[in-house]
Every structure is written in structure tokens, then in C-alpha cells.
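The structure appears below as C-alpha cells.
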Amino acid sequence: MTKSLKNLSRSSHDNFFERVYEVVRLVPEGRVTTYGAIASFTGSPQASRMVGWAMHASHLYPGHIPAHRVVNRKGILTGKHHFRHPELMQELLESEGVLVENDRVVEFNKLFWDPYKELV
DNA sequence: AATGTGACATACC
DNA sequence: TGGTATGCCACAT
């Protein structure tokens with residue numbers, strides 16, 4: 001993908017992105033959440049693509065954003081190719097105790113961290 | 001200024 | 001069951 005994203009580094013005013021990052025940062029180790037859940041929770045239920053976009057740009061933002069804990073609604077590691085190397089996402093997850101099999105989080109239903117349920 | 005393109009999700013053929 | 005269309009929003013062209 002050809003997007004340099006360099007301009008994002010100046011966007012300290014990006015509410016949407018920041019709210020996304022805020023939620024992602026709250027995901028505990030050993031748990032995972034989804035693009036859709038974050039989109040809903042941040043007020044734009046249909047902006048899940050933007051959450052993916054935010055993850056892609058997350059390395060340009062201050063602080064640590066555990067982008068590897070965000071998967072799609074089936075628990076598939078759709079974003080793995082955007083890490084430094086394709087297996088890093090899985091490695092990070094497994095280092096937290098999240099097992100991954102065929103690019104899918106094992107027991108995704110149990111490990112799913114729903115902001116609505118957890119952040120009341 | 002307008003159009004295309006996504007680490008997605010849903011609704012509807 | 002499976003492809004297509006669309007919403008969302010930022011960025012590239």
C-alpha cells in the first residue's frame with residue numbers, strides 16, 4: 001500500500017483516531033477485540049474500516065498501541081501483513097497467551113473483549 | 001475539487 | 001452460500 005501516512009503525525013486533533021487509540025490501549029493483555037466493536041464504541045458503528053486505518057497509522061502516534069489485539073469479527077488476524085513482519089502479530093499475541101491457529105484466534109469468543117461490557 | 005482506496009461490517013440480492 | 005453494494009473517514013492522486 002502506498003500511503004505514506006506521514007501527515008498523520010501532525011494530527012493531534014484527530015478525535016476519531018484518538019478515541020480509537022484510547023479504546024485499544026484499554027484492551028488487556030491476553031484479550032482481543034474487533035474493528036467493529038471499537039467503531040461502535042467510538043460512536044461510528046459503520047466506521048470499522050477507519051479503525052483498521054487507525055491501526056495502520058498507529059505507529060506514528062505517541063504511546064504504545066497494542067494493534068495486534070485488534071482482529072476482525074471472526075477473530076482472524078487480517079492485519080498481520082502490516083506488522084514489521086507478517087508473523088509478528090501472532091507472536092505478540094501468543095506471547096500474551098493468546099493462541100493463534102491458521103491466522104485465527106483460538107477461543108476467540110472467550111477472549112473477545114467487548115468495550116461495552118468491560119468499560120461500564 | 002473529485003475520485004479512488006482501504007488492517008471492516010452489514011444488508012441485500 | 002456467496003458475491004455486490006454501501007457506510008464510514010482520512011489520505012493519496
Side-chain angles (χ1 to χ4, degrees):
Chain A
M1 183 189 12
T2 57
K3 308 176 194 304
S4 74
L5 302 171
K6 61 183 176 188
N7 292 329
L8 278 177
S9 54
R10 57 124 175 95
S11 49
S12 47
H13 49 78
D14 268 327
N15 293 329
F16 181 78
F17 274 35
E18 302 231 335
R19 298 212 286 149
V20 168
Y21 294 144
E22 194 175 334
V23 176
V24 175
R25 273 194 277 256
L26 295 174
V27 180
E29 281 192 22
R31 303 291 299 281
V32 294
T33 190
T34 70
Y35 302 100
I38 294 171
S40 295
F41 192 76
T42 52
S44 302
Q46 297 175 303
S48 44
R49 316 182 70 184
M50 287 309 101
V51 177
W53 184 255
M55 292 308 96
H56 191 191
S58 63
H59 66 293
L60 299 174
Y61 283 74
H64 173 237
I65 294 144
H68 60 281
R69 296 184 193 139
V70 184
V71 298
N72 80 355
R73 70 162 193 163
K74 297 175 188 165
I76 296 173
L77 279 54
T78 49
K80 60 179 288 190
H81 297 295
H82 298 270
F83 286 78
R84 289 208 309 281
H85 61 89
E87 306 312 319
L88 182 57
M89 185 175 188
Q90 175 167 348
E91 290 170 10
L92 289 170
L93 286 171
E94 297 198 321
S95 73
E96 300 180 354
V98 178
L99 297 182
V100 177
E101 202 170 283
N102 296 323
D103 290 344
R104 187 179 180 282
V105 173
V106 177
E107 294 194 297
F108 167 66
N109 295 325
K110 287 184 185 172
L111 297 179
F112 174 53
W113 185 86
D114 185 349
Y116 281 104
K117 294 177 182 170
E118 315 283 350
L119 293 183
V120 185

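Everything numeric here is computed off the predicted structure, so don't read it as measured data. All heavy atoms count here, side chains included; hydrogens, waters and symmetry mates do not. Each chain gets a letter, A, B and so on, in the order the sequences are listed, and its residues count up from 1.
Spacing between atom CG of A/D103 and atom P of B/dC8 amounts to 13 Å, rounded to whole angstrom units. As rounded to whole Å, 22 Å separates atom P of B/dC8 from atom CZ of A/F41. Whole-Å rounding puts the A/W53 CH2 to B/dA9 P distance at 17 Å. Taking atom CG of A/N72 as the reference point, atom P of B/dA7 lies 12 Å away to the nearest angstrom. Rounded to whole Å, atom P of C/dG2 lies 10 Å from atom NZ of A/K74. Following rounding to the nearest Å, A/L93 (CG) and B/dA7 (C1') show an atom-to-atom distance of 13 Å. Between the P atom of C/dC9 and the CZ atom of A/R19 lies a distance of 10 Å, rounded to the nearest Å. The CZ-C1' distance, from A/R49 to B/dC8, rounds to 7 Å in whole Å.
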Exercise for review: Might you work through the side chain to side chain contact (heavy atoms under 4.5 Å, CB included) test for A/L77 and A/Q90, ending with a clear yes or no?
Suggested key: CA-CA 8 Å; A/L77 279 54; A/Q90 175 167 348; 4.1 Å; yes

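Looking at the side chain of A/A67, the nearest of the listed nucleotides C/dC11, B/dA7, C/dG7 is B/dA7. Each of B/dA7, C/dA10, C/dC8 was ranked by its minimum atom distance to the side chain of A/F17; first place goes to C/dA10. In the set B/dA7, B/dT10, C/dG7, B/dT10 carries the atom at the smallest distance from any side-chain atom of A/R73. Between C/dC11, B/dC8, C/dG7, one nucleotide has an atom nearer to the side chain of A/Q46 than all others, and that is C/dG7. Of the candidate nucleotides B/dT10, B/dC8, B/dG6, B/dG6 has the atom lying nearest to any side-chain atom of A/M50.
Using a 4.5 Å heavy-atom cutoff, the side chains of A/T33 and A/P115 are in contact. Between A/W113 and A/V23 there is a side-chain heavy-atom pair separated by less than 4.5 Å. Taking the side chain as every heavy atom from C-beta outward, A/Y21 and A/M55 approach each other to under 4.5 Å.
Between A/T34 and the phosphate of B/dC8, there is no side-chain N or O to OP1/OP2 separation shorter than 4.0 Å. For A/S44, no side-chain nitrogen or oxygen approaches OP1 or OP2 of C/dG7 to under 4.0 Å.
Relative ring orientation between A/Y116 and A/F41 is described as perpendicular, the plane-to-plane angle rising above 60° on a 0-90° scale split at 30° and 60°.
Taking atom P in both B/dA1 and C/dC8, the straight-line distance is 22 Å, to the nearest Å. Between the P atoms of B/dA7 and C/dG2, the separation comes to 23 Å (whole Å).
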